[in-house]
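To start, the structure itself, in structure tokens.
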Amino acid sequence: MGVLTSQSEDFPKWYQDVLNKAVLAESGPVRGTMVIRPYGYSIWERMQAEVDQRIKACGAENAYFPLFIPMSYFEREAEHVEGFSPELAVVTHGGGSKLEEPIAVRPTSETVIGEYMGRWIQSYRDLPLLLNQWANVVRWELRPRTFLRTSEFLWQEGHTAHIDQEDARRYAVRILEDVYHDFMVNVLAIPVVVGRKTAKERFAGAINSMTLEGMMGDGKALQMGTSHELGQNFAKVFSIDYLSDKGAQELCWTTSWGVSTRMVGGLIMAHGDNNGLQVPPVLAPTQVVVIAIKDDPEVIETAGRIEAELREAGVRVRVDTRVDTSFGRRATDWELKGIPLRIEVGPRDLAQQEVTIAVRATGVKSKASLSGLSNKVSETLSEIQSKMLAFAIERRDERTAECSTLSEVVEAAGSGFARIEWDLVGEKGEAELARSAITVRCLQRSDGSLPYSEDEPGLVAYCARAY
RNA sequence: CGGGGUGUAGCGCAGCUUGGUUAGCGCGCCUGCUUUGGGAGCAGGAGGUCCCGGGUUCGAAUCCCGGCACCCCGACCA
């Protein structure tokens, strides 16, 4: 009997078990909300730090806009309001009386940020305007699932305004590639499929939505991030315009892009196994845990010394000296939490001037000499990172089928992704696949690059069941 | 919103059909002792508006009426 429900028995139940046993999060008191517990939040904080750093490297600056948005803002952009009004939370009362105009709790901030961009941009010299905010948003989801689809979630949303379509497009792609794709592959070790959304799947109010799709342990897809070209749709209704160097009044071209706490759910489902979560070393809030096996002064003292030495070497490490708890319990707990590397220190090890090293990803234990331990640890951590990515790539490729008919797609989507020529699907095929709960996750050119339009000939559609 | 289900200790559940002493069980929690190299054992202990409101009855977790909440399956979504 395992600690968790096994993945093959019931994947959703396994996911719930991991959330509980690894002490990541639980449901909040209001339907669809979640409480993120300290360990879960520390993983999110690491994601934030890595993403934030990349966003800043692309030149965007952080700012903060209000949670409350006048309802009237939403009504300005027809497609946007149509897309979002069903899931808006609306405040009708404040300070004990009914409000003149209802206030929406932001589901996303294109409107309010558009309003202020319009005020701030006057000249072509003010462009591009590159903003980002870290915030919570609320969407009244009909079927919530912890981290994957919650009524309130945390995210970053970038909003930019550009001088022309080309500059806007280039920036939206740059965020997609240099921030999201780089982060997901090199930090999360999740080999996402990057492509363009079909018209049906496009963000409400965008002219182009691009996406990064991760494959989960059960072969289903998870949209892990998006970057949108908004064209001039929001510029028109929020008067985001500027005076060009030729003295003409011109409309800006805007973009928006985001990743959310959903990535925590993606991390769990992409790397987790029947022993629990697995956090890639580059991301892990705790990369190494040093377990003092026995209540012995020399053991405790050595564990502390190893901790200090590793911390000095830049390793995120913590020591476990809870010697009144059995070893098995502690080992299992750290495995559930997915700590990549465990160092066990006991009297038997010390007699040999060595320690035991256990790798979470493989379950393999080996001995390592006390001297030169920090080098050994750093090397092992980077090996684990590579192995996790290699394993995820292998699974993605194994479970991606080349198809030439819709019925083959339906078959293949039962266990993974299906690739098929987009010309063989089209809007009609997309609707037909939807009846089998399969969606076109994204479109790519045959060489894997991003299409300018879904009408380009020779595109490949990635189809899958999705969360 | 349509269909199904569940509300009893922190969590998971039994008890309800056929009303009746002090409402049980497992896990977790607390104390003590023995343990500790893969979820320890024994002993003792704490913890309950039985979802809410009304009704029937000498007596309701249990029967009746009304309400609420949550979960699962579909349409929506980062």
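Computed from a predicted model, the values in this text were never measured in an experiment. Chain letters run A, B, ... following the sequence lines, proteins first, then strands; residues in each count from 1.
- Under the 4.0 Å criterion applied to side-chain N and carboxylate O atoms, A/Lys197 and A/Glu213 are assigned as salt-bridge partners.
- Listed by chain and number, the residues in a ring pair (Phe, Tyr, Trp, His ring centres under 6.0 Å) with A/Tyr39 amount to none (sequence neighbours excluded).
- Checked by distance alone, A/Thr356 brings a side-chain donor or acceptor within 3.5 Å of a matching partner on the base of B/G37.
- Under the ring pair (Phe, Tyr, Trp, His ring centres under 6.0 Å) criterion, A/Phe417 pairs with no residue, sequence neighbours left out.
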Problem set entry | Base-pair map of RNA chain B as dot-bracket, where | denotes pairing with a different strand and pairs are Watson-Crick or G-U under 3.5 Å | (((((((..((((......[...)))).((((((.....)))))).....(((((..]....))))))))))))....
Seminar exercise, completed: Its contact letters, B for base, S for sugar-phosphate only and - for none at protein heavy atoms under 4.0 Å, make nucleotides 25-32 of chain B read ---S----
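- Between the A/Ser109 side chain and the A/Val112 main chain, no donor and acceptor come within less than 3.5 Å of each other.
- Of the residues in residues 332-342 of chain A, those placing a heavy atom less than 4.0 Å from an atom of RNA chain B are A/Thr332, A/Asp333, A/Glu335, A/Arg342, in numerical order.
- Between A/Asp320 and A/Arg342 there is no salt bridge, since none of the side-chain N atoms of the basic residue sits less than 4.0 Å from a carboxylate O of the acidic one.
- Every residue meeting the ring pair (Phe, Tyr, Trp, His ring centres under 6.0 Å) condition with A/Trp155, not counting sequence neighbours, appears here in chain and number order: A/Phe153.
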Exercise. Which parts of nucleotides 67-78 of chain B does protein reach within less than 4.0 Å, heavy atoms only, written one letter per nucleotide 5' to 3' as B for base, S for sugar-phosphate only and - for none?
Worked result: ---SS-SBBBBB
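- Counting any heavy atom pair closer than 4.0 Å across all strands shown, A/Glu157 reaches no nucleic acid atom.
- Taking the ring centre of A/Tyr73 as origin, the terminal cationic atom of A/Arg76 falls inside the region bounded by 6.0 Å and 45° from the ring axis.
- With sequence neighbours excluded, no residue satisfies ring pair (Phe, Tyr, Trp, His ring centres under 6.0 Å) with A/Trp253.
- For residues 58-71 of chain A, the set of pairs meeting the side chain to side chain donor-acceptor pair (under 3.5 Å) definition, not counting sequence neighbours, comprises A/Asp52-A/Asn62, A/Asn62-A/Asn132, A/Tyr64-A/Arg106.
- Counting atom types as modelled, A/Lys365 pairs no side-chain N or O with a base atom of B/G37 as donor and acceptor under 3.5 Å.
- With sequence neighbours excluded, the residues satisfying side-chain contact (heavy atoms from CB on, under 4.5 Å) with A/Asp10 are A/Thr5, A/Pro12, A/Lys13.
- Within residues 279-297 of chain A, the residues having any heavy atom closer than 4.0 Å to RNA chain B are, in order of number, A/Ile293, A/Lys294.
- Between A/Tyr171 and A/His162, the ring planes are tilted. Angles from 30° to 60° get that label.
- Applying the salt bridge (Lys or Arg N to Asp or Glu O under 4.0 Å) rule to pairs touching residues 270-279 of chain A yields A/Asp273-A/Arg360, sequence neighbours excluded.
- In this structure the side chain of A/Phe203 never reaches within 4.5 angstrom of the side chain of A/Thr226, judged on heavy atoms.
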